[in-house]
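Predicted model, so just to flag it, every value in this text is computed and none were measured. As a basis for the values below, the full set of heavy atoms in this structure was taken, side chains included, without hydrogen atoms, waters or symmetry mates. Numbering of ligands and ligand atoms starts at 1, following listing order.
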Amino acid sequence: MADNTAKKTVVVTGASGRTGSRVAQAVRAAGFEVRAASRAQGFDWENPTTWAETLRDADAAYLMYPSDVGSPAAAEGIGALAREAVGLGVRRLVLLSARGETQALATEEALRSSGADWTVVRASWFSQNFSEGPLVEELRRGELAFPAGEVPEPFLDVRDIADVVAVALTSGEAYVGRTLELTGPRLLSFREAVAEIAAASGRELAYIPVPARDYGDALVGFGVPPEEAEFLVEVFEGLLDGRNARLTDGVREVLGRAPREFGEFVREAAAAGVWKG
Ligand SMILES: NC(=O)c1ccc[n+]([C@@H]2O[C@H](COP(=O)([O-])OP(=O)(O)OC[C@H]3O[C@@H](n4cnc5c(N)ncnc54)[C@H](OP(=O)(O)O)[C@@H]3O)[C@@H](O)[C@H]2O)c1
């Protein structure tokens, strides 16, 4: 007889990363079992023979593709894993995508055509790019050189992404076949964002807009492979041309509340000493 009291299991890829760690937390809080899946657990996006073991007997999965959902390998990887998941009976799949990133459309399509009960969550720039990840070291040194010009962006707290993903994963059919666009509640330029970080952390921090090409050259100088730097230049040139300079109500639609304020994120991260020199 089936055990109806058994907790449902959700596979969380990238569970040690920025979104995955929060998705795991939110899914557990909703009363589900989490099966963490990154290389520490033997799951490797680059090695398909590791996928079945991770997916078997699970009920749903959160898919994030490192390091970019629009990277050339992402469409193939997401498509192949999604088909394998469906074959194993794991039909409920939620993909983290990037709002306005044309390179990510093929990856989204690979999920949609896999036969899965899919949801695509298109996120804006993470607020946490400033506190966890490559930008934080520059800010600690006192300035951020970035190819964002003066374009406004609705920075989004990754905790809101996680909360939305967890609802999508655990609420049955409600968000199957939906593409959800998530933004934060306020448009801010990178200059304004850095100024808020400076004020909250009591430091003088400069924002220096640079051309995307120069940024790509600098990445190569820091050891990023030229083809990866070229890809990032193309992504930044597209994403930061103003196409994302508007708000959506995706977070409120799913969670019934406003998205977290950038100022709240900044206050908490500054209090934790993230931007200390
Ligand atoms: N940054 C943004 O503003 C933004 C906005 C929208 C969408 N996105 C998308 O968000 C995704 C990144 O999500 P994130 O920031 O949560 O990730 P993250 O913090 O960069 O973490 C990457 C995760 O992937 C795992 N990982 C790396 N290589 C792996 C491999 N070969 N096989 C299995 N796991 C691997 C890492 O764990 P191990 O190293 O332990 O394996 C880690 O858990 C990308 O697809 C990006 O396009 C980003």
Below the 3.5 angstrom mark, is there an N/O of [X], backbone or side chain, next to an N/O of ligand 1?
X	answer
Arg99	no
Trp45	yes
Gly70	no
Ser16	yes

[X] with [Y]: basic N within carboxylate O range, under 4.0 Å:
X	Y	value
Glu138	Arg141	no
Arg22	Asp160	no
Arg260	Glu268	no
Arg140	Glu137	yes

Ligand 1 contact by Ser124, heavy-atom criterion under 4.0 angstrom: yes

Ser71 near ligand 1 by a heavy-atom separation under 4.0 Å: no

Atoms in ligand 1 with a heavy atom of [X] nearer than 4.0 Å:
X	answer
Phe43	32 (N), 33 (C)
Val69	44 (C), 45 (O), 46 (C), 47 (O)
Ala98	6 (C), 7 (C)
Trp125	3 (O)

Side-chain touch Tyr175/Leu169, heavy atoms, less than 4.5 angstrom: no

Glu253 atom CD: more than 12 heavy-atom contacts under 6.0 Å: yes

Any donor-acceptor N or O pair under 3.5 Å, side chains Gln41, Ser38: yes

Aromatic contact, Tyr207 with Phe146 (centres under 6.0 Å): no

Partners meeting side-chain hydrogen bond (donor to acceptor under 3.5 Å, both in side chains) with Thr119 (sequence neighbours left out): Arg92

Residue list, side-chain hydrogen bond (donor to acceptor under 3.5 Å, both in side chains) with Arg191, at least two apart or on another chain: Glu150

Side chain, backbone, both or neither: which applies to [X] and ligand 1 if a contact is any heavy-atom pair less than 4.0 Å apart?
X	result
Ala104	neither
Asn129	side chain
Thr13	neither
Ser67	backbone

Which heavy atom of the protein is the closest neighbour of [atom], given with residue, atom name and distance?
atom	result
atom 45 (O) of ligand 1	Tyr65 O, 2.6 Å
atom 26 (N) of ligand 1	Pro66 CG, 3.8 Å
atom 21 (O) of ligand 1	Gly17 CA, 3.4 Å
atom 39 (O) of ligand 1	Arg39 NH2, 2.8 Å
atom 48 (C) of ligand 1	Phe126 CZ, 3.2 Å
atom 14 (P) of ligand 1	Thr19 OG1, 3.8 Å
atom 31 (N) of ligand 1	Asp44 OD1, 2.9 Å
atom 10 (O) of ligand 1	Leu96 CD2, 3.2 Å

Parallel, tilted or perpendicular: ring planes of Phe130 versus Phe262, cut at 30 and 60 degrees: perpendicular

Over all atoms of both residues, closest heavy-atom pair of Phe190 and Glu153: CE1-CB, 4.3 Å

Salt bridge (charged side-chain N to carboxylate O under 4.0 Å, His left out) assessment of Arg213 paired with Glu230: CA-CA 8 Å; Arg213 291 269 145 217; Glu230 179 63 29; 3.1 Å; yes

